[in-house]
**Student:** 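Mind having a look at this structure? Questions to follow.
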There are 2 protein chains.
Amino acid sequence: MENITEMLKGVLEGCVLEIISRGETYGYEITQQLRELGFTDVVEGTVYTITMRLEKNNLVDIEKKPSTMGPPRKFYTLNAAGKEQLKIFWKKWEFVSSKINELKTNKIKRREVK
Amino acid sequence: MENITEMLKGVLEGCVLEIISRGETYGYEITQQLRELGFTDVVEGTVYTITMRLEKNNLVDIEKKPSTMGPPRKFYTLNAAGKEQLKIFWKKWEFVSSKINELKTNKIKRREVK
DNA sequence: ACTGGTATATAGTATCGCTAAGTAGCATCA
DNA sequence: TGATGCTACTTAGCGATACTATATACCAGT
């Protein structure tokens, strides 16, 4: 799917939170999981800006571990604030997506023009 | 619902396209419909930047009509390009929202850490 | 005159994902 | 040995979008 960039704004970070919540993981792996999900154009740079933001906002705990496959990995886990943020994200998603689908399924009527 | 701004990026314009597709309407009324939908914090300024963009991208036809309730209204209807854009929007929405819901409903497994 | 609802316009701001480039570890293979 | 490619992280700058704030203006009712 092409050009979904704008639609990913505000949701990609939530996706990253969700992926981290499944168990400790690191940027490169998160990128691959997003691509497997179907967001095939997501690249490392995009994910790293998100993980950096999560760090800055103190939503994750960090542990650096060596890898036999390359440079050390920075493993992330959600802390309490991160879990809370994830909950908020899904609430927002539920709200927004339900409203959009409501609009899509024609529940909105034309108002009378006076 | 608070602070859904980022999540609206990329979808609000699509919502406006959909609303216009239901029959000719104007900015102020579109704003009200979005608020009725549930996006209560959307204000006129936001919608006007969108309708201006639609104009600029030649997705709408415009007809100015007087109103007994205030200043003249600028009525919009979707032209062929606008209808096409709306179709594309819903395709993208289907794609993105289905992927997000897939993630939400736990279909993604942790990859094995080597 | 004043307020409030209707109606449009726009300059400036913040946020977010993307682009592009760089650094670096490790394995394979010519 | 050095070249390539995958793994892995970082960051400066860009573009698109929604929001903030303000301005202008028509009209009705008090």
Side-chain angles (χ1 to χ4, degrees), chain A residues 1-17 25-35 39-57 60 62-76 89 92 96 111-114, chain B residues 1-17 25-35 39-57 60 62-76 89 92 96 100 111 113-114:
Chain A
M1 180 70 45
E2 284 161 31
N3 229 29
I4 56 173
T5 295
E6 289 307 324
M7 216 175 264
L8 288 182
K9 285 188 180 174
V11 304
L12 205 54
E13 178 178 313
C15 291
V16 171
L17 283 171
T25 182
Y26 54 98
Y28 189 82
E29 192 185 39
I30 293 169
T31 309
Q32 291 177 326
Q33 291 201 21
L34 287 170
R35 294 167 80 99
F39 300 146
T40 52
D41 294 338
V42 172
V43 293
E44 288 91 329
T46 300
V47 173
Y48 289 120
T49 54
I50 293 173
T51 54
M52 291 293 160
R53 197 159 65 232
L54 299 181
E55 286 185 39
K56 202 186 91 187
N57 296 336
V60 285
I62 309 172
E63 199 182 346
K64 209 157 195 172
K65 295 183 189 177
S67 163
T68 58
M69 314 284 289
R73 299 163 171 167
K74 268 175 80 176
F75 281 86
Y76 295 102
F89 165 72
K92 285 186 192 175
V96 171
R111 308 170 76 241
E112 289 302 313
V113 178
K114 295 154 196 161
Chain B
M1 180 67 49
E2 284 162 32
N3 230 29
I4 56 173
T5 294
E6 288 307 324
M7 216 175 264
L8 288 182
K9 285 189 180 173
V11 304
L12 205 54
E13 178 179 314
C15 291
V16 171
L17 283 171
T25 183
Y26 53 99
Y28 189 81
E29 193 185 37
I30 294 169
T31 309
Q32 291 178 324
Q33 291 202 21
L34 286 170
R35 294 167 79 98
F39 301 146
T40 52
D41 294 339
V42 172
V43 294
E44 290 90 330
T46 300
V47 173
Y48 290 121
T49 55
I50 292 174
T51 54
M52 291 293 160
R53 196 159 64 230
L54 299 181
E55 285 186 38
K56 203 186 89 187
N57 296 336
V60 286
I62 310 173
E63 200 182 347
K64 210 158 192 170
K65 296 182 188 177
S67 164
T68 58
M69 313 286 289
R73 299 162 172 168
K74 269 176 79 177
F75 282 86
Y76 295 102
F89 165 72
K92 284 186 194 175
V96 172
I100 305 288
R111 307 169 79 241
V113 177
K114 294 153 201 164

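So you know, we letter chains A, B, ... as the sequences are listed, proteins then strands, and number each from 1.
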**Student:** Describe the nucleic acid contact of A:E13 in one word from base, sugar-phosphate, nothing, applying a heavy-atom distance below 4.0 Å.
**Tutor:** sugar-phosphate
**Student:** Identify each donor-acceptor pair in which a side-chain atom of residues 1-8 of chain A lies under 3.5 Å from a protein atom, sequence neighbours left out, and give them as a table.
**Tutor:**
{"from": "A:E6", "atom 1": "OE1", "to": "A:K9", "atom 2": "NZ", "distance (Å)": "3.2"}
{"from": "A:E6", "atom 1": "OE2", "to": "A:K9", "atom 2": "NZ", "distance (Å)": "3.2"}

**Student:** Enter the distance from A:D41:CG to A:L34:CG here, rounded to the nearest 0.5 Å.
**Tutor:** 12.0 Å
**Student:** Which nucleotide wins on minimum distance to the side chain of A:T5, given the candidates D:dA18, C:dT10, C:dC18?
**Tutor:** C:dC18
**Student:** Is the shortest side-chain N/O distance from A:K64 to OP1 or OP2 of D:dA8 below 4.0 Å?
**Tutor:** no
**Student:** I need the CD1-P distance between A:I30 and C:dG17, as an integer number of Å.
**Tutor:** 13 Å
**Student:** Quick one: CD on B:Q32 to OH on B:Y26, what's the gap to the nearest 0.5 Å?
**Tutor:** 6.5 Å
**Student:** Specify the closest pair of heavy atoms between B:G27 and B:V47, including all atoms of both residues, with the distance to one decimal.
**Tutor:** O-CG1, 3.7 Å
**Student:** Let's see if you can work this out: which of D:dC19, C:dT19, C:dA7 has an atom nearest to the side-chain heavy atoms of B:Y28?
**Tutor:** C:dA7
**Student:** What is the separation between atom NZ on A:K56 and atom C1' on C:dT15, rounded to the nearest whole Å?
**Tutor:** 10 Å
**Student:** Is there side-chain contact between B:V11 and B:F89, with heavy atoms separated by less than 4.5 Å?
**Tutor:** yes
**Student:** Please report, rounded to the nearest Å, how far the C1' atom of C:dC18 is from the CE atom of A:M1.
**Tutor:** 19 Å
**Student:** What nitrogen or oxygen pairs link the protein and nucleotides 12-16 of chain D at under 3.5 Å?
**Tutor:**
{"from": "D:dG15", "atom 1": "N2", "to": "A:K9", "atom 2": "NZ", "distance (Å)": "2.9"}
{"from": "D:dA16", "atom 1": "O4'", "to": "A:E6", "atom 2": "OE2", "distance (Å)": "3.4"}
{"from": "D:dA16", "atom 1": "N3", "to": "A:K9", "atom 2": "NZ", "distance (Å)": "3.0"}

**Student:** Figure out the CZ/C1' separation between B:R73 and D:dA25, and round it to whole Å.
**Tutor:** 15 Å
**Student:** To the nearest Å, give me how far apart NZ (A:K65) and C1' (D:dA8) are.
**Tutor:** 16 Å
**Student:** Between C:dT8, C:dG17, C:dA9, which nucleotide gets closest to the side-chain atoms of B:E44?
**Tutor:** C:dT8
**Student:** Can you pull out every side-chain hydrogen bond (donor to acceptor under 3.5 Å, both in side chains) where at least one residue sits in residues 42-56 of chain B? Sequence neighbours excluded, please.
**Tutor:** B:E13-B:R53, B:E55-B:K74, B:E55-B:Y76
**Student:** Please list, pair by pair, any protein nitrogen or oxygen found under 3.5 Å from a nitrogen or oxygen in nucleotides 26-30 of chain D.
**Tutor:**
none

**Student:** Output the rounded distance in Å from CG (A:N3) to P (C:dC18).
**Tutor:** 10 Å
**Student:** Figure out the CG/C1' separation between A:L54 and C:dG17, and round it to whole Å.
**Tutor:** 14 Å
**Student:** Whole-Å distance between D:dC19 P and B:M52 CE?
**Tutor:** 17 Å
**Student:** According to a strict under-4.0 Å criterion, is B:Y48 in side-chain N/O contact with OP1 or OP2 of C:dT10?
**Tutor:** no
**Student:** Using heavy atoms to find the nearest nucleotide of DNA chain C for B:Y76 and A:L12 separately, return the residue whose nucleotide is more 5′.
**Tutor:** B:Y76
**Student:** For B:V43 and A:E55, find the nucleotide of DNA chain D closest to each by heavy atoms; which residue's nucleotide sits nearer the 5' end?
**Tutor:** A:E55
**Student:** May I ask you to say what A:T46 touches in the nucleic acid, namely base, sugar-phosphate or nothing, with a heavy-atom cut-off under 4.0 Å?
**Tutor:** base
**Student:** Which pair of non-hydrogen atoms, one from B:L54 and one from B:V16, has the smallest distance, and what is that distance?
**Tutor:** CD1-CG1, 3.9 Å
